[in-house]
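Only a predicted model underlies this, so the values are computations on that prediction, with no experimental measurement involved. So you know, we letter chains A, B, ... as the sequences are listed, proteins then strands, and number each from 1.
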Amino acid sequence: MSTEGLNETPATPETAPSNFIRDIIIQDNKTGKHGGRVHTRFPPEPNGYLHIGHAKSICLNFGLAKEFGGKCNLRFDDTNPSKEETEYVDSIINDVRWLGFDWEDRLFYASDYFEQLYQWAIQLIKQGQAYVCDLTAEQVRETRGTTTEPGTESPYRNRSIEENLDLFQRMRAGEFPDGSRTLRSKIDMASPNFNMRDPVMYRILRAEHHRTGNDWLIYPMYDYTHGECDSIEGITHSICTLEFEDHRPLYDWYVESLGIHRPQQIEFDRLNLTNTMLSKRKLLLLVQKGYVSGWDDPRMPTLSGIRRRGYTPEALRAFCGSIGVSKTNGTIEFPLLEHHIREDLNARAARVMAVVDPIKVIIDNYPDGQTEELEAANHPDKPEMGMRQVPFSKVLYIERDDFREVPPPKYYRLFPGQEVRLRYAYFIKCVSVVKDANGEVTEVHCTYDPASRGGNSPDGRKVKSTIHWVSAEHALTFEARLYESLLLEDAPQSDDIATQLNPTSLVVKANAKIEPSVKGAAPNTHFQFERVGYFNVDLDSTDEKLVCNRTVQLKDTWAKIAKK
RNA sequence: UGGGAGAUCGUUCAACGGUAGGACAGCAGACUCUGACUCUGCUUAUCGGGGUUCGAAUCCCUGUCUCCCAGCCA
């Protein structure tokens with residue numbers, strides 16, 4: 001059986017209300033501000049893997065472009081070679097594509113523009129708006145001033161244009177050691193906005209760049225780079241997160257000073273999720289310190305992690321559409337994400353019976369050695385997904401949690417004297433139990449009602465509960481990986497990640513049992529294990545050993561009742 | 001105690017001077033061969049104080065609280 005190639009279900013933007021950025025675009029189109037054009041971009045730095053926070057930005061940028069008949073570029077903001085790697089570039093390309101977006105032939109790199117940026121820097125020098133500064137990093141910091149005091153001007157601020165041109169050219173040529181000089185913009189050391197206090201445009205940095213190799217010894221800073229890249233690409237709306245609000249005056253200063261196309265920077269709030277780390281720096285730490293198996297560990301909030309966990313692009317897009325866009329600094333509750341993956345998988349995932357924590361059930365009055373095939377629906381609401389045969393025999397496994405020797409109040413499942421239905425099979429009644437030396441129940445003995453074959457009794461008798469099962473003889477043994485949040489609930493925010501980790505974020509059930517129909521299912525096939533949760537086949541699966549990840553549990557009303 | 005940006009149900013997004021609405025969560029019920037799904041119902045909000053107005057979440061003033069900014073990171 002296979003659910004390969006789950007049908008594409010369209011994201012539902014029409015269910016999402018408008019947002020302030022959409023309103024700005026509508027207004028701009030009305031006034032003809034950008035000639036009715038909409039051109040956005042998603043500009044990650046290739047210094048880590050994309051996470052679900054990036055998904056919000058991706059959906060926003062590509063989504064807006066699509067909605068307004070515009071374009072969206074993918075551009076790598078690769079101006080700091082010391083942190084960037086090709087591995088990250090590749091993963092980002094893969095992840096954006098997986099999410100379902102297409103930049104066509106518009107894949108760019110800030111490094112594509114290094115020469116142009118250099119020429120523009122010369123222009124600013126010639127315009128008297130940039131100068132080479134010999135101050136050390138520490139001196140620059142000391143002279144920057146404070147929130148209440150203005151900074152002091154660099155003694156090198158008034159060098160002649162000729163000297164600046166010469167020095168800058170020699171910076172590029174490699175005549176000076178790393179960190180010894182910078183090119184700075186000549187703006188206003190007394191500005192209340194620190195970004196305007198003669199910001200650094202270029203630093204000397206001998207580091208191999210993942211694309212330009214050792215061609216450059218000087219690298220442009222983000223602020224000097226971003227607006228110009230947007231400008232070159234004809235970006236109309238440059239959408240970024242809130243922390244860049246203070247940078248907007250500088251963004252504008254560069255494109256205006258250069259006299260080039262001026263895109264419009266708009267800031268929105270970055271995604272925060274309860275109980276979830278969404279900082280590249282901390283995620284890198286988790287990987288480096290080995291707290292997770294890698295960037296694609298299914299507990300990671302990276303796109304590669306949640307993909308491996310079994311989240312679908314459709315669910316992610318629906319989630320991103322549902323959370324809205326604003327400037328409020330909020331935190332989305334994780335259950336909203338879970339709602340969207342359940343909604344998607346409920347509609348599409350094939351049903352299957354699997355027992356994660358097995359306990360043996362023996363049907364005393366069932367003939368020894370007999371096997372029969374029972375018919376089961378692959379999806380309760382989708383007959384077109386077909387039926388399958390599930391083998392039944394005398395010895396079965398059921399979920400340990402579906403049997404209690406002493407039932408708590410409102411417990412509908414199996415206990416001595418109680419009759420339940422085995423899904424698609426028979427009514428069974430518990431008659432006795434066998435225990436080991438420790439008093440643990442090892443076997444539950446039942447009798448079945450042959451007249452109830454298929455799951456209904458001709459006498460109209462009702463049972464309170466239907467439970468899932470597998471035939472011991474026919475079941476496949478598999479490894480179920482049960483995930484919980486990587487972080488402890490209410491973990492205090494701190495850099496000491498170790499103390500915040502949930503010790504049960506991964507529980508491996510090596511002896512889980514599943515019906516034989518799943519044999520050979522391809523990696524990342526999604527299933528609903530009935531009454532347990534949504535699972536997908538993990539990459540670690542082999543022909544000999546099936547490994548499944550629990551994507552998310554089914555909602556569990558019983559768990560709530562039991563708690564009370 | 002400088003500058004920038006915010007504040008609407010528990011959470012989040014809407015309402016753009018004219019009935020405060022949706023989603024998630026929660027609660028109660030119906031249905032059910034998944035205690036799932038689905039369906040029904042319910043609870044709960046305009047940060048405080050002033051003003052303008054026939055009418056204010058929306059405009060004005062004022063106070064409070066939260067977030068961001070002093071990398072040669074992005």
Side-chain angles (χ1 to χ4, degrees), chain A residues 15-20 23 43-45 47 77-80 82-84 133 135-138 140-142 144-151 178-184 191-197 199-205 218-219 221-223 225-226 240-249 267 269 274 280-281 322-333 335-340 342-343 346-347 351 353 376-377 380-381 410-413 421-425 427 454-456 463-468 528-533 553-562:
Chain A
T15 60
S18 193
N19 63 63
F20 79 99
D23 292 344
E45 181 188 15
N47 66 343
D77 221 331
D78 55 349
T79 59
N80 184 0
S82 61
K83 289 188 175 177
E84 298 153 5
C133 179
L135 258 25
T136 64
E138 193 180 343
V140 168
R141 191 183 335 117
E142 283 163 358
R144 189 154 15 230
T146 66
T147 51
T148 49
E149 305 156 43
D178 284 8
S180 62
R181 285 184 162 87
T182 56
L183 183 72
R184 291 228 255 167
S191 171
N193 181 347
F194 283 105
N195 296 303
M196 304 300 272
R197 319 245 263 223
V200 171
M201 294 164 61
Y202 274 89
R203 72 280 214 183
I204 304 173
L205 181 60
I218 56 174
Y219 289 95
M221 301 288 291
Y222 163 85
D223 283 308
T225 306
H226 205 88
C240 62
T241 43
L242 247 28
E243 68 270 26
F244 291 103
E245 277 174 329
D246 286 344
H247 295 245
R248 191 178 348 120
E267 309 86 10
D269 61 339
T274 53
K280 272 191 194 174
R281 203 191 93 247
S322 74
I323 58 179
V325 182
S326 72
K327 294 175 82 98
T328 320
N329 248 304
T331 301
I332 304 289
E333 290 175 335
L336 180 61
L337 215 207
E338 295 184 324
H339 161 76
H340 285 286
R342 285 195 189 104
E343 184 171 70
N346 176 52
R351 271 58 172 174
M353 291 196 285
D381 310 320
K410 298 217 177 153
Y411 189 82
Y412 299 155
R413 282 113 94 146
R421 171 168 41 230
L422 293 177
R423 186 142 162 93
Y424 298 121
F427 284 10
N456 280 306
V463 288
K464 282 233 156 162
S465 173
T466 300
I467 64 176
H468 58 101
Q528 184 196 95
F529 292 177
E530 292 207 51
R531 302 208 311 126
V532 179
Q553 287 175 271
L554 256 32
K555 280 195 188 165
D556 191 352
T557 303
W558 163 241
K560 285 183 190 171
I561 296 168

Participant: With salt bridge (Lys or Arg N to Asp or Glu O under 4.0 Å) as the test, would you mind laying out the steps for A:Glu245 and A:Lys327 before giving the verdict?
Facilitator: CA-CA 11 Å; A:Glu245 277 174 329; A:Lys327 294 175 82 98; 3.1 Å; yes

Participant: Test your reading of the model: is there a side-chain donor-acceptor pair from A:Thr328 to the backbone of A:Gly330, 3.5 Å cut-off?
Facilitator: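 The answer is no, because no donor-acceptor pair under 3.5 Å joins these two groups.
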
Participant: Which atoms form the tightest heavy-atom contact between A:Tyr412 and A:Ser465, and what is the distance?
Facilitator: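 Minimum heavy-atom separation between A:Tyr412 and A:Ser465: O-CB, 3.0 Å.
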
Participant: For the residue pair A:Asn47 and A:Lys280, what are the closest heavy atoms and their distance?
Facilitator: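 Closest approach of A:Asn47 to A:Lys280, heavy atoms only: OD1-NZ, 2.6 Å.
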
Participant: Taking the side chain from A:Arg351 and the backbone from A:Glu530, do they hold a donor-acceptor pair closer than 3.5 Å?
Facilitator: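 It does not hold such a pair.
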
Participant: Within less than 4.0 Å of OP1 or OP2 of B:G26, is there a side-chain N or O belonging to A:Lys560?
Facilitator: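 For A:Lys560, the contact criterion (side-chain N or O under 4.0 Å from OP1 or OP2 of B:G26) is met.
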
Participant: Sequence neighbours left out, what passes salt bridge (Lys or Arg N to Asp or Glu O under 4.0 Å) with A:Arg342? Give chain and number order.
Facilitator: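 Partners of A:Arg342 under the salt bridge (Lys or Arg N to Asp or Glu O under 4.0 Å) test: none.
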
Participant: Can you check nucleotides 42-44 of chain B for protein contacts, nitrogen or oxygen pairs under 3.5 Å, and list what you find?
Facilitator:
none

Participant: Could you walk me through whether A:Arg421 and A:Asn456 satisfy the side-chain contact (heavy atoms from CB on, under 4.5 Å) test, starting with their C-alpha distance in whole Å, then the side-chain angles of each, then the deciding distance to 0.1 Å, before giving a yes or no?
Facilitator: CA-CA 8 Å; A:Arg421 171 168 41 230; A:Asn456 280 306; 3.6 Å; yes

Participant: Grab the CG-C1' distance between A:Asn19 and B:U12 for me, whole Å please.
Facilitator: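 Distance, rounded to whole Å: 14 Å.
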
Participant: Taking NZ from A:Lys410 and C1' from B:A28, how many angstroms apart are they, rounded to a whole number?
Facilitator: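 Interatomic distance, NZ of A:Lys410 to C1' of B:A28: 11 Å.
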
Participant: Considering every strand and a 4.0 Å limit on heavy-atom distances, what is the contact class for A:Phe427: base, sugar-phosphate, or nothing?
Facilitator: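 Nothing, no nucleic acid heavy atom in range.
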
Participant: Let me know the distance between OH of A:Tyr412 and C1' of B:G35, rounded to the nearest Å.
Facilitator: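 Going from A:Tyr412 (OH) to B:G35 (C1'), I get 8 Å.
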
Participant: Which nucleotide sits closest to the side chain of A:Arg531: B:A23, B:U34, B:C13?
Facilitator: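 For A:Arg531, the side-chain atoms sit closest to B:U34.
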
Participant: In dot-bracket, 5' to 3', how would RNA chain B read with Watson-Crick or G-U wobble pairs under 3.5 Å, [ ] for crossing ones and | for pairs to another strand?
Facilitator: .((((((..((((....[..)))).(((((.......)))))....(((((..]....))))))))))).....

Participant: Just to verify, what does A:Tyr411 make a side chain to side chain contact (heavy atoms under 4.5 Å, CB included) with, not counting sequence neighbours?
Facilitator: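 With sequence neighbours excluded, A:Tyr411 shows a side chain to side chain contact (heavy atoms under 4.5 Å, CB included) to A:Arg404, A:Pro407, A:Pro408, A:Arg413, A:Phe415, A:Trp558, given in chain and number order.
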
Participant: For B:A57 versus B:A7, give the span between their P atoms, rounded off to a whole number of Å.
Facilitator: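 The answer is 15 Å between these two P atoms.
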
Participant: Please state the C1' separation for the pair B:G26 and B:G17 - nearest whole angstrom.
Facilitator: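 Looking at atom C1' only, B:G26 and B:G17 are 35 Å apart.
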
Participant: Looking at B:G35, B:U34, B:C37, which one has an atom nearest to any side-chain atom of A:Asp556?
Facilitator: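 Closest nucleotide to the A:Asp556 side chain: B:G35.
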
Participant: Would the distance check show the side chain of A:Asn195 and the main-chain N or O of A:Asp246 forming a donor-acceptor pair, the cut-off being under 3.5 Å?
Facilitator: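 Such a contact is found between A:Asn195 side chain and A:Asp246 backbone.
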
Participant: Could you tell me how far apart A:His339 (NE2) and B:U38 (C1') are, to the nearest whole angstrom?
Facilitator: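 The answer, rounded to whole Å, is 13 Å.
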
Participant: Using whole Å, report how far CD1 of A:Ile323 lies from C1' of B:A25.
Facilitator: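 Atom CD1 in A:Ile323 sits about 16 Å away from atom C1' in B:A25.
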
Participant: Within this structure, what is the NZ-to-P distance between A:Lys555 and B:C39, rounded to whole angstrom?
Facilitator: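 Rounded to the whole Å, the gap is 11 Å.
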
Participant: With syn defined as a glycosidic angle within 90° of 0 and anti as the rest, where does B:G71 land?
Facilitator: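 Syn, angle within 90° of zero.
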
Participant: With rounding to whole Å, what would you report as the distance between B:U32 and B:U40 at their C1' atoms?
Facilitator: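 Result for the C1' pair: 15 Å, nearest Å.
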
Participant: Please name all residues satisfying salt bridge (Lys or Arg N to Asp or Glu O under 4.0 Å) with A:Asp269, sequence neighbours left out, ordered by chain then number.
Facilitator: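 Here the qualifying residues are A:Lys56.
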
Participant: Rounding to the closest angstrom, what is the interatomic distance between B:U43 and B:G48 at atom C1'?
Facilitator: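 It comes out at 25 Å once rounded to the nearest Å.
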
Participant: With the side chain counted from C-beta on, respond yes when A:Val140 and A:Arg184 share a heavy-atom pair under 4.5 Å apart, and no when they do not.
Facilitator: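 Counting from C-beta outward, A:Val140 and A:Arg184 do come under 4.5 Å.
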
Participant: Set out, line by line, the N/O atom pairs under 3.5 Å between protein and nucleotides 7-11 of chain B.
Facilitator:
| from | atom 1 | to | atom 2 | distance (Å) |
| --- | --- | --- | --- | --- |
| B:G10 | N2 | A:Glu333 | OE1 | 2.9 |
| B:U11 | O4' | A:Glu333 | OE2 | 3.2 |
| B:U11 | O2' | A:Thr331 | O | 3.0 |

Participant: Scan nucleotides 68-74 of chain B nucleotide by nucleotide, 5' to 3', and note B when protein non-hydrogen atoms come under 4.0 Å of the base, S if they reach only the sugar-phosphate, - if neither.
Facilitator: BSBSBBB

Participant: For atom P, what is the distance between B:U46 and B:A20, given to the nearest Å?
Facilitator: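 Going atom to atom, P in each nucleotide, I get 12 Å.
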
Participant: Who passes side chain to side chain contact (heavy atoms under 4.5 Å, CB included) against A:Leu554, sequence neighbours left out?
Facilitator: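 With sequence neighbours excluded, A:Leu554 shows a side chain to side chain contact (heavy atoms under 4.5 Å, CB included) to A:Gln528, A:Tyr534, given in chain and number order.
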
Participant: Whole angstrom is fine here: how far is it from CE in A:Met196 over to P in B:G4?
Facilitator: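 It works out to 13 Å between those atoms.
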
Participant: Determine: side-chain N/O of A:Thr557 to OP1/OP2 of B:A36, distance under 4.0 Å, yes or no.
Facilitator: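 True: A:Thr557 side-chain N/O within range (under 4.0 Å) of B:A36 OP1/OP2.
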
Participant: With a 4.0 Å limit, can you tell me whether A:Lys327 has a side-chain N or O closer than that to the phosphate oxygens OP1/OP2 of B:G4?
Facilitator: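 No, A:Lys327 has no side-chain N/O under 4.0 Å of OP1/OP2 on B:G4.
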
Participant: With heavy atoms under 4.0 Å as the rule, sort A:Lys280 into base, sugar-phosphate or nothing.
Facilitator: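 Answer is nothing: A:Lys280 stays at 4.0 Å or more from every strand.
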
Participant: Specify the residue among A:Tyr411 and A:Leu336 whose closest nucleotide of RNA chain B lies further upstream toward the 5′ end.
Facilitator: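 Going by which nucleotide is closer to the 5' end, it is A:Leu336.
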
Participant: For A:Arg351 and B:U32, give me the distance from atom CZ to atom P, rounded to whole Å.
Facilitator: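 Computing the A:Arg351:CZ to B:U32:P distance gives 18 Å.
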
Participant: Test of understanding: with side chain to side chain contact (heavy atoms under 4.5 Å, CB included), list the residues that count as partners of A:Phe244, not counting sequence neighbours.
Facilitator: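 In terms of side chain to side chain contact (heavy atoms under 4.5 Å, CB included), with neighbours along the sequence ignored, A:Phe244 is linked to A:Tyr222, A:Cys240, A:Thr241, A:His247, A:Gln265.
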
Participant: Determine yes or no for a side-chain-to-main-chain donor-acceptor pair under 3.5 angstrom, with A:Glu84 supplying the side chain and A:Asn80 the backbone.
Facilitator: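 Judged by distance alone, yes, a pair lies under 3.5 Å.
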
Participant: Restricting to salt bridge (Lys or Arg N to Asp or Glu O under 4.0 Å), what partner residues turn up for A:Arg203, sequence neighbours left out?
Facilitator: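 In terms of salt bridge (Lys or Arg N to Asp or Glu O under 4.0 Å), with neighbours along the sequence ignored, A:Arg203 is linked to no residue.
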
Participant: May I ask you to say what A:Val463 touches in the nucleic acid, namely base, sugar-phosphate or nothing, with a heavy-atom cut-off under 4.0 Å?
Facilitator: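 No contact.
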
Participant: Using the side chain to side chain donor-acceptor pair (under 3.5 Å) criterion, which residues pair with A:Thr331? Sequence neighbours excluded.
Facilitator: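 Side chain to side chain donor-acceptor pair (under 3.5 Å) list for A:Thr331, sorted by chain: empty.
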
Participant: Under the 3.5 Å rule, do the base of B:G35 and the side chain of A:Arg413 count as making a donor-acceptor pair?
Facilitator: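 Between B:G35 and A:Arg413, which were checked side chain against base, a qualifying N/O pair under 3.5 Å is present.
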
Participant: Could you tell me which residues satisfy salt bridge (Lys or Arg N to Asp or Glu O under 4.0 Å) with A:Arg248, sequence neighbours excluded, listed by chain and number?
Facilitator: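 Salt bridge (Lys or Arg N to Asp or Glu O under 4.0 Å) list for A:Arg248, sorted by chain: A:Glu267.
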
Participant: Considering only the C1' atoms, how many Å lie between B:C73 and B:A36, rounded to the nearest integer?
Facilitator: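 Comparing C1' positions in B:C73 and B:A36 gives a spacing of 48 Å.
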
Participant: Between B:C31 and B:U12, how far is it from one P atom to the other, in whole Å?
Facilitator: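 B:C31 and B:U12 have their P atoms separated by 37 Å.
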
Participant: Just to be sure I understand the rule, does A:Glu267 reach a base, reach only the sugar-phosphate, or reach nothing, if contact means heavy atoms closer than 4.0 Å?
Facilitator: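 Counting heavy atoms under 4.0 Å across all strands, no contact is made by A:Glu267.
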
Participant: Heavy atoms only, 4.0 Å cut-off, all strands: where does A:Ile561 land among base, sugar-phosphate and nothing?
Facilitator: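 Base, at least one base heavy atom under 4.0 Å.
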
Participant: In whole Å, measure the gap between the P atoms of B:A23 and B:C39 for me.
Facilitator: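 To the nearest whole Å, 10 Å.
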
